[in-house]
Amino acid sequence: MVFPAAQPSYLLARMSGAAVEQMNPLQDFLLAPLVLVLSLFITTGVVHVMLLIMGGAKNGFPTTVRVFCHAYSPQIAVIIPFVGGVIGGVWMLVVAVVGVREAHGTTSARAAIAVLLPAFLLIVFGILAALLLMAGSVAL
């Protein structure tokens, strides 16, 4: 709740053109499981495609899903104000790299590239999107 721009209702309000003041914490709470499952499968799909491209997906998509179900568990750290998201995010990436490496029997380099390259690109595009949103709100 500290960063409303990361909440589903804020994103829905921005996409629909509604006033941002209409955000509802209850709506965020109720949408959280859906957002979690969608992000889990999108993340898993992207990483699995990266593994397929690099020849490291030896055990199929369900194995990658299981790895990321376990890898998402460090996100419980977000309950720690300010630093919890960073701690949970870094821990999640480490668990994902080790899990992909072990579950698919691939090299550490392939697992790291498959997990970290999409994460890096997501961060870069997120920063660019935030800059565009700020530039759009300044122009108003």
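Counting from 1, the numbers follow the sequence of the chain as shown.
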**Item:** Nearest heavy-atom neighbours spanning A71 and P74
**Value:** O-CD, 2.8 Å
**V47 versus A114, closest heavy-atom pair with distance** = CG2-O, 3.6 Å
**Message:** Atom CD1 of residue position I76 - does it have more than 12 heavy atoms of other residues, nucleotides or ligands inside 6.0 Å?
**Reply:** no
**Prompt:** Under 4.5 Å between side-chain heavy atoms, hopping through other hydrophobics if needed: is there a path connecting L121 to L128?
**Reply:** yes
**Message:** Grouping I, L, V, M, F, W and Y whenever their side-chain heavy atoms are under 4.5 Å apart, do V115 and F125 come out in a common cluster?
**Reply:** no
**Request:** Flag yes if V124 and I113 sit in one hydrophobic cluster, no otherwise; membership is Ile, Leu, Val, Met, Phe, Trp, Tyr, and two members link when side-chain heavy atoms are under 4.5 Å apart.
**Result:** yes
Distance-only donor-acceptor pairs under 3.5 Å for side chains of residues 91-102, two or more places apart:
residue, atom, partner, partner atom, Å
R101, NH1, S108, OG, 3.2

**Complete:** CG (L40) and CZ (F68) are apart, to the nearest 0.5 Å, by 8.5 Å
**Asked** Atom OG1 of T63 and atom NZ of K58: how far apart are they, to the nearest 0.5 Å?
**Response** 12.5 Å
**Asked** Quick one: do the R110 and T107 side chains pair a donor with an acceptor below 3.5 Å?
**Response** no
**Request:** Verify, without hydrogens or angle tests, whether H104 (side chain) and N59 (backbone) share a donor-acceptor contact under 3.5 angstrom.
**Result:** yes
**Asked** Between atom CG of L132 and atom CD1 of I127, what is the distance when rounded to the nearest 0.5 Å?
**Response** 12.0 Å
**Fill in**
Interatomic distance, CG@L117 vs CE@M50, rounded to 0.5 Å, equals 4.5 Å
**Item:** V78 to G85 - nearest heavy-atom pair and separation
**Value:** CG1-CA, 3.8 Å
**Request:** Report the distance from atom OG1 of T64 to atom CG of L52, rounding to the nearest 0.5 Å.
**Result:** 8.0 Å
**Item:** Partners meeting side chain to side chain contact (heavy atoms under 4.5 Å, CB included) with F41 (sequence neighbours left out)
**Value:** V37, F61, V65
**Fill in**
So CG of L122 and CG of L116: to nearest 0.5 Å the spacing works out to 12.5 Å
